[in-house]
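The structure appears right after this line, and notes come after that.
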2 protein chains.
Amino acid sequence: MKNCNEKKSEHLNCSIRQILDRFGDKWSILIISTLGHVGKQRFNELNQQIGDISQKMLTVTLRSLEADGLISRTLYPEIPPRVEYELTDLGRSLLPHIEQLALWAEQHMEAILKNREKYAHRVGFG
Amino acid sequence: MKNCNEKKSEHLNCSIRQILDRFGDKWSILIISTLGHVGKQRFNELNQQIGDISQKMLTVTLRSLEADGLISRTLYPEIPPRVEYELTDLGRSLLPHIEQLALWAEQHMEAILKNREKYAHRVGFG
DNA sequence: CAAAATAGTTACCTGTATGTAAGTAACTAA
DNA sequence: TTAGTTACTTACATACAGGTAACTATTTTG
């Protein structure tokens with residue numbers, strides 16, 4: 001972010017930094033893609049869907065996604081309370097790009113892991 | 001990564017975790033996109049292009065990208081030494097997806113920032 | 001002899017993102 | 001009165017990604 005509009009940084013560089021700043025954390029993208037996949041979800045449903053996220057990080061990440069207008073939060077003032085989270089249009093507009101990346105991963109991650117092994121051998125045994 | 005092939009996790013979820021594990025760091029994507037943009041580059045050229053990366057993180061990130069077969073490293077044994085980094089085909093195949101994300105950022109980041117402000121007001125004075 | 005240049009390596013330190021565990025409100029059911 | 005439910009909040013702890021700065025090898029130049 002810092003060196004945007006300074007010497008070397010073009011649009012692309014700057015946009016990528018924004019993406020990384022906003023979505024480089026551990027859970028945002030995963031929550032967006034989960035909501036995109038299953039539609040509306042309650043807090044505990046999301047918690048179970050994702051499986052290994054802590055309550056705290058789920059709350060924190062949902063809040064920041066809501067603040068940025070990527071998801072909407074609807075509270076039904078019942079007892080016990082019910083809250084439903086859903087992607088907004090803005091959030092949904094990000095989905096296809098995430099899915100493209102996931103597709104790329106499916107297609108190429110095996111190759112990457114093999115390269116990594118080869119490299120380890122080259123370095124390890126010269 | 002942990003809960004892939006456990007209960008709730010489908011392909012998508014799992015692929016996204018792989019992407020985040022591999023490319024969620026601060027510099028990998030930026031280096032790939034820089035190399036994609038300018039082509040072959042030397043160590044110090046990259047350092048200056050990016051501007052605010054430390055020598056250490058440039059070395060570390062270049063090494064791991066090389067290990068995964070995303071970039072190639074060519075050493076010319078001159079004095080002083082010259083080293084050139086370049087995207088491999090595998091690395092190049094990731095470029096369009098990165099650019100799609102960058103484009104999305106250009107188009108929507110302003111809206112996100114506005115939402116964030118609104119939300120801060122709602123919370124702060126609501 | 002000293003300085004400069006390239007492409008790093010190494011030791012050390014710190015901030016922050018994340019995790020853990022307990023607490024909260026409000027009500028229901030036994 | 002005890003436990004259970006939902007959707008959190010809060011306090012506390014920590015690991016690791018990343019930063020800083022010094023050091024390295026090798027040769028040319030002055």
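Within every chain, numbering begins at 1; the chains are lettered A, B, ... in the order of the sequence lines, protein sequences first and strands thereafter. When reading the values below, keep in mind they use all heavy atoms of this one structure, side chains included, and skip hydrogens, waters and symmetry mates. Given the structure is predicted, the values throughout are model-derived calculations rather than measurements.
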Measure the distance from [atom1] on [X] to [atom2] on [N] and round it to the nearest whole Å.
X     : N      : atom1 : atom2 : value
B:L46 : C:dA7  : CG    : C1'   : 12 Å
A:I50 : C:dG19 : CD1   : P     : 11 Å
A:Q55 : C:dA21 : CD    : P     : 12 Å
A:L20 : D:dA17 : CG    : P     : 16 Å
A:L58 : D:dT6  : CG    : P     : 14 Å
B:D52 : D:dG19 : CG    : C1'   : 12 Å
B:N47 : C:dA5  : CG    : P     : 15 Å
B:Q48 : C:dA5  : CD    : P     : 12 Å

Of residues 23-44 of chain B, the positions that come close to DNA chain D - non-hydrogen atoms, cut-off under 4.0 Å: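 Within this stretch, B:D25, B:K26, B:W27 sit under 4.0 Å of the strand.
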
Minimum heavy-atom distance between B:L35 and B:L87, given as atom pair plus value: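 Scanning both residues completely, I find the closest heavy atoms to be CB-CG, 3.9 Å.
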
Closest non-hydrogen atom pair between B:A102 and A:S15, with its separation: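 Scanning both residues, the minimum pair turns out to be O-CB, 3.4 Å.
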
A:R17 and B:D52 ion-paired at < 4.0 Å: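 Counted as a salt bridge, because a side-chain N and a carboxylate O are separated by less than 4.0 Å.
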
Minimum side-chain heavy-atom gap B:Q49-B:H37 below 4.5 Å: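 Side-chain contact under 4.5 Å: no.
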
Neighbour count above 12 (heavy atom, 6.0 Å) for A:E110 CD: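 Not more than 12 within 6.0 Å, no.
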
5'-most by nearest nucleotide on DNA chain C - B:V60 or A:S54: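 Per heavy-atom nearest nucleotide, the more 5' residue is B:V60.
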
B:E45 or B:K56, whichever maps to the more 5' nucleotide of DNA chain C: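 Nearest-nucleotide comparison on DNA chain C picks B:E45.
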
Test item: B:S28 side-chain N/O and B:F23 main-chain N/O as donor-acceptor pair under 3.5 Å: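 Not at all, since once roles are kept as given, no pair shorter than 3.5 Å links the two residues.
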
Euclidean distance, B:L12 CG relative to A:E99 CD, rounded to 0.5 Å: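 Taking CD in A:E99 and CG in B:L12, the distance rounds to 5.5 Å.
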
Separation between CD of B:E84 and CZ of B:R42, rounded to the nearest 0.5 Å: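 Result: 7.0 Å between the selected atoms.
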
Positions of residues 62-87 of chain B (non-hydrogen atom under 4.0 Å from DNA chain C), listed by number: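 Output list: B:R63, B:R73, B:P80, B:P81, B:R82, B:V83, B:Y85.
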
Geometric class of the B:Y85/B:F43 ring pair [parallel <30°, tilted 30-60°, perpendicular >60°]: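 The rings of B:F43 and B:Y85 sit tilted, inter-plane angle from 30° to 60°.
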
